[in-house]
Amino acid sequence: VNAAVRDDELPPQVAEMLVRLERQLAQEHLLGGGTASAATTHLLQGAGKRIRPTLVFLSSAVVGNSIPDGVCSAAKAIELIHTATLHHDDVMDRGMSRRGLRSVNSIWGNRTAVLSGDYLLATSTATLGRLGDDVNRRVSAAVNAVIEGQLREMQSAGTLDLSLERYFDIITRKTAALFELSCWLGATLGGGTTEQAAVMAQFGQQLGIAYQIVDDVLDVVGTSAVLGKEPLADLRLGVLTLPVLLALRRRFSGTTGPDIRGWLGTAELTGAEAIVIDELRRSGALVDSYQCAVAACARAGAALATLASGTATDSLTTIADLILERGAPFVHGDHGDPA
Amino acid sequence: VTTDVVVVGAGPAGSAAAFHLARAGHDVLLLDRKSFPRDKACGDALTRISIDLIAEMGAADELARYEVITGVEIVRDQGDRAVIPLDPARSSGPVALVVPRVDLDALLVRRAVDAGARFCDRATATGVATGRMGRTDVRVSGTGRASVVSARFVIGADGATATFTRQTRPTSNGSVAPHAFAVRAYYAGVRLDRHLYLHYPVSSGDAAAVTTGYGWVFPVDADVVNIGVGMYPEHLHGAQLRMRDVLQDFEDKLRGDGRFTDMRRVSAVLGAPLRFAADGPPRPVAGVLTVGDAAGLVDPYTGEGIGAALASGKAAAGAISTALSGDVPIDVVPRRYAAELSRSVVNKSDRRPHARHVDTAWRIMATTLCEPGPSFASLRREMSEYAVGASGTADNGVEATLAAIGVLDPVQHARHRVLGELQTSGHLVARTLRHLGDSRAADLRAALLFLSAEPNGHDDRTVTLAACLETAHLATLVHQDVLDEPKPRPNGAADVRSVDDANRFLIMAGDYLLGRSHALSAQVGAEESVTVSEAIRSVWSAAMQPQPTWSARGWRQVYIDRLMKIVGPFYVLPGRLGAALAGHAPAVVAALDRFATDLAIGIHLELEASEFSRAVKLSTRHKSPYLTEGRALTYPVLDLMDGLSHSALLDSPTGCADLATVFADPEAVRAASLSIRSTRQSAARHLDAAGDAAKTVTVSALRDGLLKILAAGKHSLRR
């Protein structure tokens, strides 16, 4: 299982569920053949980290030992929603590879990539809608948050004086909402109380925030091998990541250094990469960003600490640690691959 | 001097205000600091809205002297172009005219004076103060002498520079609201079609920096044109000087086109700011209203301002008039004016967009000139019609039927819900997708839901469901327009078009609509969410299947099957969801299913026939190779290609089919009319089948309603 966390660090019933999920995804033949079917199921065969379904299963395991069927279908649906966003993202960013495979758009074209993503999303919302009104409304809110977050990000692209508040608002929607939903669904469908589900939702949200910030950090200092894409991709698109945002605020408040504003939204950096990276490092913006991720993980941990601990909560803590570890070597100057 | 109202500035906004006040019997003094008649920097184009408002001022005859504009031509830097016909047959009177401002403004002042307003030119309003008895004093300096005019109301109509108005709307830090800048001059020796030519992008000479904005060439008369450029001065500091350079560069570029070889400039170059927002909130100087450019009412996407100026002048006059007549207290006037302004002039969400959003809209349009998809058609229409404030709520020909079967109210509610969803997404989506889809078909689908849901047809749940289905339908239209990478051109030249901007926009907009659609269904219930999700899933699945080509065997059936899968659910679902709410028997649901399926196919084939018929007419009338209409591979187009046994409609060096050349051959026109007729016959067969299905419905009110919907569909779509 290519999960975010090693099998032996998971409760056995969760590890088993993940194996089952993997088998289901591999056998997924949603459309019964043809281009449409191949395009729709393509990325499901790839080496995804399955972090969201893992959160669904673990959140269920936190509140009860056996994992009900509803949790399994929710976990799969969440993975399909996430995959749907990848279909769309890769068209928007011209991504050529994903999960160790060629991207859907690079094989079947933009239109099919978008429509097959839509198909996955509709499949998921149909599945999740069958789990009742509460689940349905929560799913709807999360899906809308993800979309709204992306819309706001697009609308704020290139806004140099973006407030930190706005930044956190955007990432809480575009990334954390699905983490939050995963944990809430697991706890709720696993038979947890409303309070337990609320705590897990809080955990998921903070974990998602940390995940996105580390992603932002890696956009600056990660290697293509770790990222699965070129570094500084967000910067080139004019998307304001946390390190860039913090560096800009420093500059406006008097600290001198090379002006990185000119490179925002510039497709061709023509050798300026090193200058930009160096400035982000030198100004302390990189370390400070990383500290924001650490703080989010601490908040996630604090939420988790209010629940009875066990192997499932231990695994969730491990996931939080792994998220931070993903960025640590780069921030602290050790350029080795954390894997 | 004492008067009811002082109007400061005699541009279109001021003259309109003065005219309407004077006509209502009030004492009006209209001032302008310039000596009339006077010239003013402007593109001189009048839109449908402007023309209607000027006609309302009794000047239709004067406008009739100007030659009608027949199309908008969008020209892209690399030479791609598209013609959007402004079809006078679709409305009463001209859709666009070009009237030089020196004439227009003098004409409108004359209308105000004829209505009874006093007019003083060379009179500058220099200050404003609260006077006695709730009056407002305006200091005026004329030729050599100064005086004070005491008025009950003052209208600030002093244009983009707003020297007078600014005194009533001071900003704390003296900052100026975002604005663009435009320059123009008149040139002789240029003969063009009666088109408004919009050139995008326009680059400034140095550093090849592409700036946000467009260049225009508007034909004034036989061989005189108004040429100008307007742009956001984000890269242009010291705007006016540099803008002249941009105009010069634009002029030089135009000279490369044979029609401009003999061009010579016959006027001074004039410039003016284009203001999209007032600098600050109005200071509460009692009884001062601001109209037109002074109020920042220019449309940021097109730069058009005359329509909004005339409408705001009329709105201000209306609000003041009710107070002067004693119908309402004086202090509600500003609120009444503001309410009327946002209703008639422009939606609030359109104000103050970032220049980048405007540029995004232009860039998407310029890179998709030849794309027939409904999203692109909507965007072109929005950017070329200059129809600021025209909402999608006008009667579209089915309203009488909807009223007769008692569902007009909920249908209108549903329409507003959908518009509301579009608007909350931000102005770019709201603006560019305003004309998406056929509103008549949308209303008929909604009517089907309300009718099937009776007696629950007017419930908020039902209205929410209708909005949910329509939002989902729009999403399917938008995402089906996503563009694949352009194929290399036949001559081997690299295609410089990038589909990225268009795709990013389409994906975000479609995702947004899908999200909202799901949220709306979730408001009703999980069961409804599941039903809608399953139905949309089948639409996506069908949309991924390749479109049939004319040479494929049995393409007609394949085409209709595909149509049934892609649009059918948006007709079948209203019936099913409505029947579920009403608790209809299974036999009724089955009949509704059959009715809806045949109605869907009938309506869409009929729409395709009408669109292609219009495209053929336009091609023969405009003879322009750059018409985008009729390029979609619809049923009548495939039928024509099948009939002619060739694909001339598709294959052309630019990748854009040149229908004008195809239809220069009368044989092709005859063949096209046969294809259109055959499509209509096929549509009629399905509509008849829908009628047969409706007749099997045992609930009499529902049966009668369905037959009326069917009749309304047949009638309105043929028009």
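Quick note: numbers below take in every heavy atom, side chains included, and nothing from hydrogens, waters or symmetry partners. For clarity, every value in this text was computed on a predicted model and none was experimentally measured. Sequence lines set the chain letters: A, B, ... in the order given, protein chains first and strands last, and positions in each chain run from 1.
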Can you find a heavy atom in the side chain of [X] that is under 4.5 Å from one in the side chain of [Y]?
X       : Y       : result
H479(B) : H88(A)  : yes
W540(B) : S116(A) : no
Q480(B) : V114(A) : no

Quick check: closest heavy atoms across [X] and [Y], and the distance to 0.1 Å?
X       : Y       : answer
G109(A) : D484(B) : C-OD1, 3.3 Å
A519(B) : S140(A) : CA-OG, 3.0 Å
A526(B) : G129(A) : CB-O, 3.4 Å

Can you measure from [atom1] ([X]) to [atom2] ([Y]) and round to the nearest 0.5 angstrom?
X       : Y       : atom1 : atom2 : value
R537(B) : T125(A) : CZ    : OG1   : 9.0 Å
T112(A) : Q545(B) : OG1   : CD    : 9.5 Å
I507(B) : H87(A)  : CD1   : NE2   : 12.0 Å
S529(B) : R130(A) : OG    : CZ    : 11.5 Å
L513(B) : I147(A) : CG    : CD1   : 9.5 Å
D118(A) : I536(B) : CG    : CD1   : 9.0 Å

Answer yes or no: is there an ion pair linking R111(A) with E485(B), defined by an N-O contact shorter than 4.0 Å?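 The answer is no: the pair does not qualify as a salt bridge.
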Inspect the contact between R516(B) and E148(A) and indicate whether a charged nitrogen and a carboxylate oxygen are less than 4.0 angstrom apart.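 Here E148(A) does not pair with R516(B) in a salt bridge, since their nearest N and O are not under 4.0 Å apart.
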Using distance alone, with no hydrogens and no angle criterion, decide if N144(A) and H518(B) have a side-chain donor and acceptor under 3.5 Å apart.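 Not at all, the side chains of N144(A) and H518(B) share no donor-acceptor pair under 3.5 Å.
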If you apply the rule side chain to side chain contact (heavy atoms under 4.5 Å, CB included), what do you find for M92(A) with N503(B), and how did you get there? CA-CA 7 Å; M92(A) 289 198 275; N503(B) 281 347; over 6 Å; no
E527(B) atom CD, neighbour heavy-atom count above 12 within 6.0 Å: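 Not buried by this count: 12 neighbours or fewer within 6.0 Å.
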Of the backbone (N, CA, C, O) and the side chain (C-beta and beyond), which part of L483(B) lies under 4.5 Å from a heavy atom of chain A, both, or neither?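 Backbone only.
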Counting heavy-atom pairs under 4.5 Å with chain B, which one of D133(A), L128(A), L151(A), L115(A) comes out on top?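 The residue among D133(A), L128(A), L151(A), L115(A) with the greatest pair count is L115(A).
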With a 4.5 angstrom heavy-atom cut-off, which part of R152(A) approaches chain B: side chain, backbone, both or neither?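 Neither part.
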What verdict does the side chain to side chain contact (heavy atoms under 4.5 Å, CB included) test give for V499(B) and N110(A), after you've listed the backbone C-alpha separation in whole Å, the side-chain angles of each residue and the deciding distance to 0.1 Å? CA-CA 10 Å; V499(B) 297; N110(A) 298 331; 3.9 Å; yes
